Amino acid sequence: MKEKVITCLHCGNKTSMKVVASYDTVEHEEIWGNSDNLYNPAYVTTYYKRWEMYLCPVCTEITIQRSTSFSEETEPNGKPITYTDIIFPSGSSENKHLPQSVLNAFDAALKVRNLDGAVCIMALRRTLEMMCKHKNAKGKDLFAKLKDLQSENILPPIMEGVSYILRKEGNSAAHADDKEFSSETVEMMIEFTEVILDYVYSLPAKIEQAQLRLNRESNKKEESGG
């Protein structure tokens, strides 16, 4: 039975988990050119998806991991590039587009999400600080740095409200205010942080990948007489 070391986002333990269930899908798409061959496509692309369910031996909760790949996105050696993310529980940091410093900070927040809400929110604030540092944001505090990223069009104006909420809750946690953070509040803060990280790192990378894919498909059509 396959095993993998994963950080359980239920209990925060990093441990070896066994795969207790898995499921695969394969989808093909025929690309037709404008050549004289009316019976066969110019080429066929393939999309792969795999879901694996892992069981934590510590808390006996499950984690579901999704792996995806596309035949047209490959390494220099021709091997398909596989993207992996955790789809349950939500709030995973299995994101290949994040720089290591940001990823480590976000990981630290997720590990304590169910243990200490205040510590988790402080770690989320640190995640944004690391993001600002990586993007060379200017400003005397986190709010000013996030505003600077907006002025540079790295963050859109709509993110100002999200940034304010994260900063406000982060200040409450950091200053040891006599405040309880509910699980709903913690999950909302995690989701807001993910939105910002996705916009800054994941979305530009995915757009670039899509453009490369379209260029490859266009080149193949031209080569086949399309």
Side-chain angles (χ1 to χ4, degrees), residues 1-25 48-69 81-131 134 162 165-202 205-206:
M1 184 178 292
K2 178 181 176 181
E3 292 191 23
K4 183 178 181 179
V5 175
I6 299 176
T7 298
C8 179
L9 299 180
H10 295 284
C11 66
N13 285 287
K14 186 174 184 179
T15 184
S16 179
M17 301 188 196
K18 292 182 178 180
V19 176
V20 294
S22 64
Y23 185 76
D24 298 89
T25 64
Y48 305 90
K49 282 187 181 181
R50 179 176 178 82
W51 293 266
E52 294 179 327
M53 181 184 295
Y54 292 86
L55 179 66
C56 176
V58 180
C59 67
T60 66
E61 293 288 350
I62 63 167
T63 294
I64 299 178
Q65 176 181 277
R66 175 180 58 196
S67 301
T68 60
S69 62
I81 299 172
T82 300
Y83 299 95
T84 302
D85 62 333
I86 301 295
I87 60 174
F88 181 81
S90 62
S92 161
S93 62
E94 296 257 340
N95 188 330
K96 292 186 176 181
H97 305 304
L98 298 183
Q100 196 61 48
S101 58
V102 178
L103 180 63
N104 290 343
F106 194 37
D107 264 336
L110 297 180
K111 287 177 181 178
V112 296
R113 65 193 299 179
N114 294 320
L115 304 176
D116 191 318
V119 173
C120 179
I121 291 176
M122 283 191 291
L124 292 174
R125 179 190 174 102
R126 182 173 180 272
T127 300
L128 296 182
E129 290 278 8
M130 298 304 295
M131 178 196 73
H134 181 258
V162 175
I165 294 171
L166 286 167
R167 181 177 66 98
K168 183 174 181 295
E169 296 295 340
N171 284 339
S172 296
H175 296 154
D177 288 351
D178 190 15
K179 177 178 179 180
E180 293 290 332
F181 293 94
S182 67
S183 59
E184 290 80 9
T185 298
V186 172
E187 292 302 320
M188 182 174 62
M189 295 299 104
I190 290 174
E191 184 177 350
F192 284 163
T193 304
E194 280 189 308
V195 168
I196 291 177
L197 296 179
D198 282 343
Y199 190 91
V200 173
Y201 294 110
S202 300
K206 290 178 180 178

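Model, not experiment: these values are computed from the prediction. No hydrogens, no waters, no symmetry mates; every other heavy atom, side chains included, goes into these values.
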Identify the heavy atoms of [X] and [Y] that sit nearest to each other, and give their distance.
{"X": "I86", "Y": "F88", "value": "CG2-O, 3.3 Å"}
{"X": "G117", "Y": "V186", "value": "CA-CG2, 3.6 Å"}
{"X": "C120", "Y": "A109", "value": "SG-O, 3.2 Å"}
{"X": "M17", "Y": "Y54", "value": "O-CD2, 3.6 Å"}
{"X": "T193", "Y": "M189", "value": "OG1-O, 2.8 Å"}

For this session: Check whether more than 12 heavy atoms from other residues, nucleotides or ligands sit under 6.0 Å from atom CD of E191, and answer yes or no.
Result: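 Not more than 12 within 6.0 Å, no.
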Check whether any side-chain heavy atom of [X] sits under 4.5 Å from a side-chain heavy atom of [Y], and report yes or no.
{"X": "V58", "Y": "C8", "value": "no"}
{"X": "M130", "Y": "F106", "value": "no"}
{"X": "M53", "Y": "V20", "value": "yes"}
{"X": "H10", "Y": "P89", "value": "yes"}

For this session: Apply side chain to side chain contact (heavy atoms under 4.5 Å, CB included) to V19 and K4, showing your working.
Result: CA-CA 8 Å; V19 176; K4 183 178 181 179; over 6 Å; no
For this session: Would you mind telling me which of V195, I121, L124, T127 makes a side chain to side chain contact (heavy atoms under 4.5 Å, CB included) with I190?
Result: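 Of the listed options, the one satisfying the test is L124.
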Exercise. With respect to L98, which candidate in D107, L197, N104, V200 satisfies the side chain to side chain contact (heavy atoms under 4.5 Å, CB included) definition?
Worked result: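 So, applying the side chain to side chain contact (heavy atoms under 4.5 Å, CB included) to L98 and each of D107, L197, N104, V200, only L197 qualifies.
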Exercise. Quick one: do K2 and E52 make a salt bridge, cutoff under 4.0 Å?
Worked result: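 A salt bridge links K2 with E52.
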For this session: Evaluate the criterion side chain to side chain contact (heavy atoms under 4.5 Å, CB included) for residue pair K18 and L55; output intermediate values, then yes/no.
Result: CA-CA 6 Å; K18 292 182 178 180; L55 179 66; 5.8 Å; no
